[in-house]
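For reference, the structure discussed in these notes is given below.
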Amino acid sequence: MASIGVINLHDPIMAAPSPKTPRQNPFEGRQVHSRVVRSGFGSSPFVETALVNFYAKCEEIGFARKVFDEIPERNLVAWSTMISGYSKVGMVNEAFGLFREMQNAGVVPDEVTLVSVISACAASGALGVGRWVHAYIDKHLIDTDLELSTALVNMYAKCGCIEKAIELFDAMLVKDTKAWSSMIVGMAIHGLEEEALYAFSRMEEDKVKPNHVTFVGVLLACAHSGRVLVGQKYWSNMLEFGIEPSMEHYGCMVDLLCRANHVEEACAFVETMPIFPNAVIWRTLLVACKKNRNVDKGEIAGTRLLELEPDNAENYILLSSLYASSSQWGEDELCEETNEG
DNA sequence: CTAGGGTTAG
């Protein structure tokens, strides 16, 4: 009997620096896949499912499906893996379709399967499906563990039912970082800024450590409610936690400063970014510059924006309205101004 | 005991 030594860690292929996630190295994974098939381990349900999962995580969803389709006896875990893969890459219709196929095949979903289905509902705003799954959970007495509860809270929040999300969240006995984050982000996107910030303070009292997603919610709440100083305080707080700001965090801060009409400060803040600002950041700045009639800064933002998204017609309209807003058009000036450009 | 799950700005 061949040992697992077929996959030899001293082999040149396997000895390459190990990536943090499979996503970063689909190439090596395919080498392993090839070896798996040749070594005869391909018929193990564990190996088959791991391969489906691997390809899905590499966003090679077509390969994942191919391996899945070739599994002779698909069990619950195999179905769940494929549904999860579709859900994660945003192919929600495929996720729903496969969930239906799975039930038609007589495979009964468990809480792990339903987390992926609920997550697909949240991503697509499919409240009807989400409610159906929730009813299914209640009817079949499926264990609503931490992950499933969090998925439900997130789904209701994303689908506009913030009261339902809060109700479920309050009923949870154990809440971890992801549960709190879902709730805080949900409150923030629903304009419940006070509640979001209060939830954050309760989270601290409960000694649950916030992460980068938690701070997206907190900063969002500050931006939406115009709390510039509070937002800046949380920004420092985030850095103290050793959380490296991501594009989303910078986006929230730019939004925070721009909404408060601190345009110059927002521009200066963007200058300090160690990562290249994306189109959302430049667009936020451009809109603020337009509103504050700051053509100089607006032009810079507009130029960067057009470099990043030359095919987005909206950007050209924004930039033209920047010039329009600054020229203070009156009846007499109209001709002069238009002749200039 | 080994294969599947939740949170991220506009």
Side-chain angles (χ1 to χ4, degrees), chain A residues 4 41 44-54 56-57 64 67-68 71 74-88 95 98 102 107 109-123 142-155 157-158 165 168-169 172 174-189 203 208 210-224 231 238 243 245-256 258-259 277-288 305 309 312 314 318:
Chain A
I4 197 72
F41 280 100
S44 153
F46 292 90
V47 175
E48 290 163 339
T49 310
L51 277 168
V52 173
N53 195 31
F54 163 75
K57 291 225 162 89
V67 176
F68 174 78
I71 298 177
R74 294 169 213 163
N75 63 15
L76 173 62
V77 179
W79 284 99
S80 299
T81 305
M82 195 62 229
I83 292 168
S84 152
Y86 277 135
S87 178
K88 278 199 182 113
L98 208 62
M102 167 184 157
V107 178
D110 68 357
E111 65 276 9
V112 180
T113 324
L114 297 178
V115 163
S116 296
V117 179
I118 289 283
S119 176
C121 293
I142 288 170
D143 177 34
T144 45
D145 59 14
L146 187 56
E147 287 84 357
L148 188 52
S149 300
T150 303
L152 283 168
V153 167
N154 184 51
M155 184 275 292
K158 292 285 154 57
L168 289 180
F169 179 76
M172 287 172 70
V174 182
K175 296 159 185 164
D176 68 355
T177 301
K178 288 181 181 177
W180 282 106
S181 301
S182 288
M183 191 70 267
I184 291 169
V185 171
M187 286 165 164
I189 61 176
M203 180 180 178
V208 180
N211 69 4
H212 54 297
V213 183
T214 324
F215 278 103
V216 167
V218 169
L219 296 175
L220 203 52
C222 295
H224 289 177
M238 179 173 84
I243 296 166
S246 69
M247 195 68 80
E248 286 87 347
H249 299 116
Y250 285 106
C252 290
M253 288 304 280
V254 172
D255 194 29
L256 174 84
C258 285
R259 278 178 201 249
N278 68 4
V280 180
I281 306 256
W282 291 123
R283 197 155 36 236
T284 307
L285 270 185
L286 177 54
V287 170
L305 181 58
E309 285 186 356
N312 186 346
E314 183 200 350
L318 277 177

Side chain of [X]: nearest nucleotide among [options]?
X: Val213(A); options: dT2(B), dG5(B), dT7(B); answer: dT7(B)
X: Glu147(A); options: dA9(B), dG6(B), dT7(B); answer: dG6(B)
X: Asp110(A); options: dG5(B), dA3(B), dG4(B); answer: dG4(B)
X: Pro45(A); options: dA3(B), dT7(B), dG5(B); answer: dA3(B)
X: Met247(A); options: dG5(B), dA9(B), dT7(B); answer: dA9(B)
X: Glu248(A); options: dT2(B), dA9(B), dG4(B); answer: dA9(B)
X: Val216(A); options: dG6(B), dG5(B), dA9(B); answer: dA9(B)

Checklist entry - Can you tell me if Asn278(A) uses its side chain to pair, donor with acceptor, with the backbone of Ile281(A) under 3.5 Å? => result yes

Checklist entry - Quick one: does Ser87(A)'s side chain have a donor or acceptor within less than 3.5 Å of a partner on Ile83(A)'s backbone? => result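 No, the answer is negative, given that no donor and acceptor are paired below the 3.5 Å cut-off.
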
Measure the distance from [atom1] on [X] to [atom2] on [N] and round it to the nearest whole Å.
X: Leu220(A); N: dA9(B); atom1: CG; atom2: P; result: 7 Å
X: Leu148(A); N: dT7(B); atom1: CG; atom2: C1'; result: 14 Å
X: Asp176(A); N: dG6(B); atom1: CG; atom2: P; result: 12 Å
X: Ile71(A); N: dG4(B); atom1: CD1; atom2: P; result: 12 Å
X: Asp143(A); N: dG5(B); atom1: CG; atom2: P; result: 17 Å
X: Asp145(A); N: dG5(B); atom1: CG; atom2: C1'; result: 8 Å
X: Lys57(A); N: dA3(B); atom1: NZ; atom2: C1'; result: 10 Å
X: Leu76(A); N: dA3(B); atom1: CG; atom2: C1'; result: 11 Å

Please name the pair of heavy atoms, one in [X] and one in [Y], separated by the smallest distance, quoted to 0.1 Å.
X: Val52(A); Y: Ala64(A); answer: O-CB, 3.6 Å
X: Ser149(A); Y: Thr144(A); answer: OG-O, 3.4 Å
X: Ser181(A); Y: Asn211(A); answer: OG-OD1, 3.6 Å

Closer than 4.0 Å, any side-chain N/O of [X] to the OP1 or OP2 of [N]?
X: Asn53(A); N: dG4(B); value: yes
X: Lys175(A); N: dG6(B); value: no
X: Thr177(A); N: dG6(B); value: no
X: Lys88(A); N: dG5(B); value: yes

Next on the checklist: Taking donor-acceptor contacts at under 3.5 Å, does the side chain of Thr81(A) reach the base of dG4(B)?
Outcome noted: no

Checklist entry - Any N or O donor-acceptor pair linking the side chain of Thr113(A) to the base of dG4(B) at under 3.5 Å? => result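 Answer yes: a donor N or O sits under 3.5 Å from an acceptor.
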
What's [X] touching, base or sugar-phosphate or nothing? Going by heavy atoms closer than 4.0 Å.
X: Leu152(A); result: nothing
X: Met82(A); result: nothing
X: Leu146(A); result: base
X: Ala179(A); result: base
X: Thr284(A); result: nothing
X: Asn278(A); result: base
X: Ser181(A); result: base
X: Ser149(A); result: nothing
X: Ser80(A); result: base
X: Leu219(A); result: nothing

Item to check | Ring-on-base stacking dT2(B) with Phe46(A) (under 5.5 Å, under 30°) | outcome: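 Answer is yes, a stack.
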
Checklist entry - With a 4.5 Å limit on heavy-atom distance, are the side chains of Arg74(A) and Met82(A) in contact? => result no

Checklist entry - Val153(A) pairs by side-chain contact (heavy atoms from CB on, under 4.5 Å) with which of Met172(A), Lys175(A), Lys178(A)? => result Met172(A)

